[in-house]
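A note on names: the letters A, B, ... follow the listed sequences, proteins ahead of strands, and every chain is numbered from 1.
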2 protein chains.
Amino acid sequence: MASSTVENYLKATLLHEQKADGIVPMGALVEALGVVPGTVTSMVKAMAAQGLLEHEARQGVRLTPIGRALAVGVLRKHRLVETFLVRTLKMDWSEVHDEAEALEHAVSDRVLERISELLGHPTTDPHGDPIPDAEGNFAATKTQDSLDLCALDQPLRVTRILDQTQEFLAYVQETGLKPGAKIRVLRREPASGVLHCELAGGTEVALGLHIAGKIIVGAA
Amino acid sequence: MASSTVENYLKATLLHEQKADGIVPMGALVEALGVVPGTVTSMVKAMAAQGLLEHEARQGVRLTPIGRALAVGVLRKHRLVETFLVRTLKMDWSEVHDEAEALEHAVSDRVLERISELLGHPTTDPHGDPIPDAEGNFAATKTQDSLDLCALDQPLRVTRILDQTQEFLAYVQETGLKPGAKIRVLRREPASGVLHCELAGGTEVALGLHIAGKIIVGAA
DNA sequence: ACCTTGTTTTTGATTACTCAAAATACAAGT
DNA sequence: ACTTGTATTTTGAGTAATCAAAAACAAGGT
Ligand SMILES: [Mn+2]
Ligand SMILES: [Mn+2]
Ligand SMILES: [Mn+2]
Ligand SMILES: [Mn+2]
């Protein structure tokens, strides 16, 4: 069985591969796992010896099919647990990540399938991230744009928040831009690129480009 | 923070103290934790140095107030998790122990209080074992007898199963003697001590003394 | 007093994970 | 080609948890 540490390495590698495909540099793992570079090198070697990763010296790592399957399983646990914590235990969506970070290693497959069933087999988590099914397949994503690129005056719905730092989630919470929120882009300031949007209650918010780029929307 | 291993040692020590008060011999921990004697000696030394246990050389260990508080917390997590798995996730009461054994170390206090709330702050787990409250106090237990000692012809209710081995739980499951079941003792065979009991549906079961001694009942 | 038996402790190793700090490789930039 | 800066690897060391096997101890029984 893979230890919690190994599971965290696998998940971090998968997330990086999904965000920027190609080889995952050692530094990305250093960053994601909060350890020093030497630690990553030695863990990666051990995991490569176990057949979970391929290690290109001085370049980085790639998941093997076995490693990927395990990583997807951990990601599924993480996201289903987050969904469970929000929907069943009524926890705040902006505080569930850390809890899930620990529980993803302790929840058995048996318990996980019970949770999935209880929740009606959800396909996205509270942050809008896709939940792979029990076989490891991600549902085909609907057409979605980041908020800074989408058309004016269309009825839209927030589907996903890409930046999941504590501060950004708090900001999103506060402005009411949570996944599920209805939104319409009123206009774009030509010079700055600042967006003016209308929220459900008629309230209006102005968003800088760097913020809008981290919010994904789809047709309402 | 106490590691999972340390939490397991603390919980095992607490359970032994509750069952047979006085000092807990090293051998009891060897047995409970499934490790060799030398391992227990060195773990116990480390935990004593941390102020979690008192170690009387060649005698055994006792929980310190700090160690006891931690142990009670772990036990509370274990039993609330078991209750949650049975009541909310509809898992079989005879298979939840192993799941709880892992989850008790991963569930945070915050999550635990949500679970307790969701369940209406239960005071006993699926096996009938008491769940301490958030301050670490066990509810005063109602008058209860082991089945081999109680009066004839009284309407009784099973409240607790002491032997929680897989086989015994399966037996209890099969005969329908689960906590909550109504039962009446019809007669006791003078020589052998074998009990004849009537269950809810009118079915009758014969129980040997060794079995009856592990089933606790209270007034129905 | 001596021996036997069961329990506990010691000793010496091993595995997994980690850090600090020094060494190395590589990609540019001049 | 040489220098510089950054990423990666190596080396040496430490902690937590474990085992195997030998040693020490505590009681009792003879
Ligand atoms: Mn994690
Ligand atoms: Mn998420
Ligand atoms: Mn446990
Ligand atoms: Mn229980």
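Within 6.0 Å of the CD atom in B:Glu31, the count of heavy atoms belonging to other residues, nucleotides or ligands does not exceed 12. The 12-atom threshold is exceeded at CG of A:Leu162, counting heavy atoms of other residues, nucleotides or ligands nearer than 6.0 Å.
Here B:Arg110 pairs with A:Glu95, A:Glu99 under the salt bridge (Lys or Arg N to Asp or Glu O under 4.0 Å) rule; sequence neighbours left out.
For A:His105 and C:dC17, the NE2 to C1' distance is 15 Å, given to the nearest whole Å. One atom, CD1 of B:Ile23, and another, P of C:dT8, lie 10 Å apart when rounded to the nearest Å. Atoms CG (B:Leu33) and C1' (D:dC19) sit 15 Å apart, rounded to a whole Å. Computed from coordinates, the A:Leu29 CG to C:dT18 P distance equals 12 Å when rounded to whole Å. Spacing between atom CE of A:Met43 and atom P of C:dC19 amounts to 12 Å, rounded to whole angstrom units. Note: CD (B:Glu31) to C1' (C:dT7) measures 14 Å, nearest angstrom. With rounding to whole Å, B:Met1 atom CE is found 18 Å from D:dT15 atom C1'.
Using a 4.0 Å heavy-atom cutoff across all strands shown, A:Val35 reaches sugar-phosphate atoms only and no base atom.
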Revision key, fill the gap. Reading nucleotides 4-11 of chain D from 5' to 3' and marking B where a protein heavy atom lies under 4.0 Å of the base, S where only the sugar-phosphate is that close, and - otherwise, the string is ----BBB-
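Of the options B:Arg76, B:Lys11, B:Lys77, a side-chain hydrogen bond (donor to acceptor under 3.5 Å, both in side chains) to B:Glu104 is made by B:Lys11 and by none of the others.
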Practice item. For the pair B:Tyr171 and B:Lys214, evaluate side-chain contact (heavy atoms from CB on, under 4.5 Å) and give the outcome as yes or no after the intermediate values. Key: CA-CA 12 Å; B:Tyr171 173 76; B:Lys214 296 167 173 177; over 6 Å; no
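Applying the ring-ring contact (aromatic ring centres under 6.0 Å, His included) test to every pair with at least one member in residues 53-91 of chain A, sequence neighbours left out, gives these pairs: A:His78-A:His97, A:Phe84-B:Phe84.
The side chain of A:Tyr9 contributes no N or O atom lying less than 4.0 Å from OP1 or OP2 of C:dA16.
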